[in-house]
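Notes follow once the structure below has been shown.
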Number of protein chains: 2
Amino acid sequence: MKNRRLFWRIVDQIESMISGGDFPAGSRLPPERELAEIFDVSRPTIREAIIALEVRERVEVKTGSGVYVLEQNNLSKADMAISAFELTQSRALIEGEVAALAATSITDEELAVLHRTLVDMERGEYAEEADEEFHRVIAVATRNAAMLRTVENLWNLRVSNPQIVSDYGSVCAKSNQHKILDEHTAIYNALKGRDAAAARAAMHKHFNRLINALFDALEAKALEEVKRKASEKRGLYSLDGILHRPT
Amino acid sequence: MKNRRLFWRIVDQIESMISGGDFPAGSRLPPERELAEIFDVSRPTIREAIIALEVRERVEVKTGSGVYVLEQNNLSKADMAISAFELTQSRALIEGEVAALAATSITDEELAVLHRTLVDMERGEYAEEADEEFHRVIAVATRNAAMLRTVENLWNLRVSNPQIVSDYGSVCAKSNQHKILDEHTAIYNALKGRDAAAARAAMHKHFNRLINALFDALEAKALEEVKRKASEKRGLYSLDGILHRPT
DNA sequence: CACGTCTATTGGAATTACCAATTGGTAAAG
DNA sequence: CTTTACCAATTGGTAATTCCAATAGACGTG
């Protein structure tokens with residue numbers, strides 16, 4: 001659909017200029033007539049683009065004065081403050097209960113779907129999708145829409161927070177995938193046996209290992225950082241290059 | 001600020017006409033030129049209003065065809081499907097874990113705030129606010145932003161869903177407030193004693209009674225309905241009015 | 001009856017003009 | 001020298017008009 005109306009293109013351009021730092025929050029945009037020249041469109045088109053930005057609350061229009069860039073509410077500055085540890089701890093406790101609840105009400109069809117996610121993950125393709133599907137199906141099996149909604153929200157927090165995605169990077173690497181698979185299998189077996197306590201325990205074990213893995217990764221990263229800085233200092237203060245130099 | 005730009009007035013008018021049923025979802029709005037006549041403004045102004053509605057996703061513009069009213073995503077048709085039972089069950093399990101977690105990390109200041117919510121509730125004023133604050137502070141005490149976020153989400157589900165608000169109506173009536181207060185006090189004491197298991201149990205007990213109260217209310221309502229219908233039938237088929245009429 | 005073409009309708013965009021609010025400078029008064 | 005009042009330039013607000021492009025429905029042809 002390249003037939004987007006013209007003003008949307010202008011909206012994108014102005015928006016990228018704003019987020020690109022050309023117009024910091026609080027600053028004034030060039031007058032409409034100038035923008036029309038810059039983007040080589042008519043003034044009405046610029047006005048339409050500005051109205052779109054205004055509805056989106058990116059700018060504020062002051063009659064007779066100009067168009068001003070607003071602070072970005074960046075929804076979820078609160079979300080950004082959530083760390084991978086907190087998220088994983090929450091998921092451990094909540095999805096532990098979800099698994100226990102699901103064990104009492106899961107159907108054979110759902111168990112079959114779960115088993116498919118295990119096969120998918122073993123094949124190695126779509127590993128993340130299989131992971132999501134696994135946890136989601138268990139939430140569905142609770143017959144509780146609020147639980148499903150909560151589990152989905154937590155997953156969304158994970159994938160929408162770049163910091164968390166980064167922190168999970170190494171933990172979910174291919175080399176660790178068999179661990180996830182083993183733990184998922186344990187959860188699956190507990191659910192198959194309709195054993196609520198075992199399902200809860202297996203889910204806790206799953207997330208508990210993840211938390212430890214996150215700690216290990218954090219520790220390794222911190223250690224790396226220390227080494228790097230030490231190496232920098234060594235470079236700065238070393239006398240290797242100037243002592244006993246054979247001229 | 002009565003100096004709102006003209007097109008905002010048009011946006012409001014069109015929007016109220018849509019929600020007023022003049023233009024059902026899927027139907028086409030009158031052409032821009034007609035709207036300009038109807039509202040006695042110029043066509044560019046109509047265009048600006050339509051663009052605002054388009055950015056808000058109330059309408060869809062099809063070039064050469066017309067402007068069509070979109071379904072209102074009334075955020076959360078999925079949310080509407082969540083029943084009071086499901087929500088309460090979720091809160092029982094999740095906030096049970098929250099209480100257990102909080103018991104290990106709650107501060108004396110937070111305990112003091114909790115105690116204040118108990119006093120507030122005892123005084124009877126701001127009972128709902130005190131309830132919300134009570135559960136919220138416990139979530140804060142977990143030192144886990146994801147948990148806090150989840151608890152807040154569940155609370156929002158409750159207050160934003162009219163059906164759930166209605167179902168909770170009788171359960172949270174003043175006559176039952178002392179029960180809630182007693183249960184909150186029990187949770188508070190468990191937290192004060194830093195007893196995770198006791199806190200979890202007290203929270204479970206709290207929500208478990210709520211679930212039973214919801215069931216009772218549902219049952220009473222259904223019974224009422226049966227009686228009402230029976231009474232209607234009685235009125236329809238009764239012979240009281242026509243037999244042995246003293247003329 | 002099916003298919004393609006033609007045309008009326010409708011939105012898309014540009015141009016021009018003029019109005020209204022704001023702003024900032026300048027000149028006059030104190 | 002400071003303050004105030006006014007005026008003019010700037011900037012957005014609205015309108016009127018024109019032309020273009022996409023769509024849909026009518027119409028005609030095979």
Side-chain angles (χ1 to χ4, degrees), chain A residues 1-19 22-72, chain B residues 1-19 22-72:
Chain A
M1 180 70 85
K2 68 169 217 173
N3 283 338
R4 270 195 325 167
R5 287 188 278 153
L6 189 50
F7 80 87
W8 282 118
R9 193 171 57 79
I10 308 299
V11 168
D12 290 343
Q13 291 190 30
I14 295 179
E15 214 158 24
S16 70
M17 286 175 85
I18 290 176
S19 38
D22 291 339
F23 306 116
S27 70
R28 209 195 63 182
L29 258 52
E32 293 182 350
R33 291 167 176 82
E34 269 186 50
L35 289 172
E37 260 189 58
I38 295 173
F39 296 120
D40 193 36
V41 294
S42 71
R43 202 179 141 211
T45 301
I46 295 292
R47 285 181 56 74
E48 291 171 346
I50 289 176
I51 284 169
L53 290 169
E54 190 185 7
V55 174
R56 286 189 185 174
E57 297 189 330
R58 300 271 311 183
V59 300
E60 181 188 7
V61 177
K62 290 189 177 177
T63 305
S65 171
V67 180
Y68 297 84
V69 179
L70 291 175
E71 296 282 355
Q72 268 319 276
Chain B
M1 179 70 82
K2 66 170 215 175
N3 283 339
R4 268 197 325 168
R5 283 133 93 206
L6 189 49
F7 80 86
W8 282 117
R9 191 171 59 79
I10 308 298
V11 168
D12 290 343
Q13 291 189 29
I14 295 179
E15 214 157 23
S16 70
M17 287 174 84
I18 290 175
S19 38
D22 291 340
F23 307 116
S27 70
R28 207 195 65 181
L29 258 52
E32 292 182 351
R33 292 167 176 82
E34 271 185 48
L35 288 172
E37 259 190 57
I38 294 173
F39 296 121
D40 195 35
V41 296
S42 72
R43 205 180 139 208
T45 302
I46 295 292
R47 282 179 57 75
E48 292 173 345
I50 288 176
I51 284 168
L53 289 169
E54 192 184 6
V55 174
R56 286 189 184 174
E57 297 189 331
R58 301 271 312 185
V59 300
E60 180 187 8
V61 177
K62 290 190 177 178
T63 305
S65 171
V67 181
Y68 296 85
V69 180
L70 291 176
E71 295 282 356
Q72 266 322 274

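Within every chain, numbering begins at 1; the chains are lettered A, B, ... in the order of the sequence lines, protein sequences first and strands thereafter. Computed from a predicted structure; not experimentally measured.
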| request: Please report, rounded to the nearest Å, how far the C1' atom of D:dT14 is from the CD1 atom of A:Ile51. | output: 11 Å
| query | Rounded to the nearest Å, what distance is computed from the CG atom of residue B:Leu35 to the C1' atom of nucleotide D:dA15? | reply | 17 Å
| task | Nearest whole angstrom, please: distance from the P of D:dG13 to the CD of A:Glu54. | result | 8 Å
| Rounded interatomic separation in angstrom, taking CG from A:Asp40 and P from C:dA13 | 14 Å
| field | d(CD, B:Glu37; C1', D:dT17) in whole Å | value | 15 Å
| remark: Here the pair of heavy atoms bringing A:Ile10 nearest to A:Phe39 is CD1-CB, 3.8 Å
| field | For B:Arg9 against B:Val41, the heavy-atom pair lying closest together | value | NH2-CG1, 4.3 Å
What's touching nucleotides 9-12 of chain D from the protein side, N or O pairs under 3.5 Å?
{"unit_1": "D:dT11", "atom_1": "OP1", "unit_2": "A:Arg28", "atom_2": "NH2", "d": "3.4"}
{"unit_1": "D:dG12", "atom_1": "OP2", "unit_2": "A:Glu32", "atom_2": "N", "d": "2.9"}
{"unit_1": "D:dG12", "atom_1": "N7", "unit_2": "A:Arg33", "atom_2": "NH1", "d": "2.9"}
{"unit_1": "D:dG12", "atom_1": "O6", "unit_2": "A:Arg33", "atom_2": "NH2", "d": "3.1"}

| Between A:Pro44 and A:Phe7, is any pair of side-chain heavy atoms under 4.5 Å apart? | no
| remark: A:Phe7 CZ to C:dA13 P, in whole Å, measures 8 Å
| note | Walking DNA chain C from its 5' end, the first of A:Glu48 and A:Tyr68 to be reached, judged by nearest nucleotide, is A:Glu48
| Quick one: B:Leu6 CG to D:dG13 P, roughly how many Å, whole number? | 11 Å
| query | Is there a side-chain contact between B:Leu35 and B:Val67, using heavy atoms and a 4.5 Å cut-off? | reply | no
| field | Heavy-atom neighbours of B:Glu37 CD exceed 12 at 6.0 Å | value | no
| request: Evaluate the side chain to side chain contact (heavy atoms under 4.5 Å, CB included) criterion for residues B:Val11 and B:Arg56: first the C-alpha distance (whole Å), next the side-chain angles of each, then the deciding distance (0.1 Å), finally the verdict. | output: CA-CA 10 Å; B:Val11 168; B:Arg56 286 189 184 174; 3.9 Å; yes
